Amino acid sequence: MVSSQGTLEPGMLLAQRYEIVQMLGQGGMGAVYKATDVELNRTVAVKVIRPDLARDKAIVDRFKQELLLAHQVTHRNVIRIYDLSEADGMKFITMEYVEGENLLTLIHEKKKFSPSEAVETAEHHAR
């Protein structure tokens, strides 16, 4: 179930399948969580779509179309999308979880990059 703040908390079980580990970030479309798929025993990312957006049929249809298109793309730099689901009154997308540093965090920590550091960082995050 959802907390009183409308977020998922560590230890919560979404759709009786995804155990929430931690929130990874929030944005305009919703929040992304690291979770364990207890059925397949693997780590996944779960993107929960904001409730106000999830009620908009046009937005949900757009997400569905993007998911269909994403299934046609196979590349090492593209995250694999697994599914669009609904449970506990929330619409969410499950996708591949990739361990690594967050580029935004690196930018905030480093503040300024030399041209060679910028190229090296961009190449590293493009892999």
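Keep in mind it's a predicted model, so treat the numbers as computed, not measured.
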Inset, instruction - State, yes or no, whether a side-chain contact exists between Thr74 and Arg80 at a heavy-atom distance under 4.5 Å. - result: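 Not in contact.
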
What pair of heavy atoms forms the shortest contact from [X] to [Y], and how long is it?
{"X": "Ala45", "Y": "Val32", "answer": "CB-CG1, 4.3 Å"}
{"X": "Phe92", "Y": "Val48", "answer": "CB-CA, 4.0 Å"}
{"X": "Ile81", "Y": "Ala70", "answer": "CG1-CB, 3.9 Å"}

Legend entry - Name of the residue among Arg55, Lys64, Lys91 meeting salt bridge (charged side-chain N to carboxylate O under 4.0 Å, His left out) with Glu86: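 The residue from Arg55, Lys64, Lys91 that satisfies salt bridge (charged side-chain N to carboxylate O under 4.0 Å, His left out) with Glu86 turns out to be Lys91.
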
Under 4.5 Å between side-chain heavy atoms, hopping through other hydrophobics if needed: is there a path connecting [X] to [Y]?
{"X": "Ile79", "Y": "Leu67", "answer": "yes"}
{"X": "Val46", "Y": "Tyr82", "answer": "yes"}
{"X": "Met29", "Y": "Val60", "answer": "no"}
{"X": "Val21", "Y": "Tyr33", "answer": "no"}

Inset, instruction - To the nearest 0.5 Å, tell me how far Ile49 CD1 sits from Ile93 CD1. - result: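 Those atoms lie 4.5 Å apart.
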
Inset, instruction - Could you tell me the separation between the CG atom of Leu14 and the CD atom of Gln16, rounded to the nearest 0.5 Å? - result: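 Nearest 0.5 Å value for the CG-CD distance: 10.0 Å.
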
Legend entry - Check: Asp56 side chain, Ala58 main-chain N or O, donor-acceptor pair, under 3.5 Å: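 Yes, Asp56 side chain to Ala58 backbone: donor-acceptor pair under 3.5 Å.
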
Inset, instruction - Please step through side-chain contact (heavy atoms from CB on, under 4.5 Å) for the pair Lys57 and Ile59, ending with a clear verdict. - result: CA-CA 5 Å; Lys57 185 179 179 334; Ile59 288 175; over 6 Å; no

Legend entry - From CA spacing to verdict: side-chain contact (heavy atoms from CB on, under 4.5 Å), Val38, Tyr18: CA-CA 6 Å; Val38 296; Tyr18 304 102; over 6 Å; no

Inset, instruction - For salt bridge (charged side-chain N to carboxylate O under 4.0 Å, His left out), just list the numbers for Glu19 and Lys34, CA-CA rounded to whole Å, side-chain angles, deciding distance to a tenth of an Å, and then say yes or no. - result: CA-CA 9 Å; Glu19 183 177 353; Lys34 179 179 180 181; over 6 Å; no

Legend entry - Gln22 atom CD, over 12 foreign heavy atoms within 6.0 Å: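 For Gln22, atom CD is crowded (more than 12 foreign heavy atoms under 6.0 Å).
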
Inset, instruction - Not counting sequence neighbours, which residues clear ring pair (Phe, Tyr, Trp, His ring centres under 6.0 Å) with Tyr97? List them please. - result: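 In terms of ring pair (Phe, Tyr, Trp, His ring centres under 6.0 Å), with neighbours along the sequence ignored, Tyr97 is linked to no residue.
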
Inset, instruction - Write out all pairs satisfying side-chain hydrogen bond (donor to acceptor under 3.5 Å, both in side chains) with one or both partners inside residues 37-51, taking only residues at least two apart or from two chains. - result: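 Pairs touching residues 37-51 that pass the test: Arg17-Asp37, Arg50-Asp52.
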
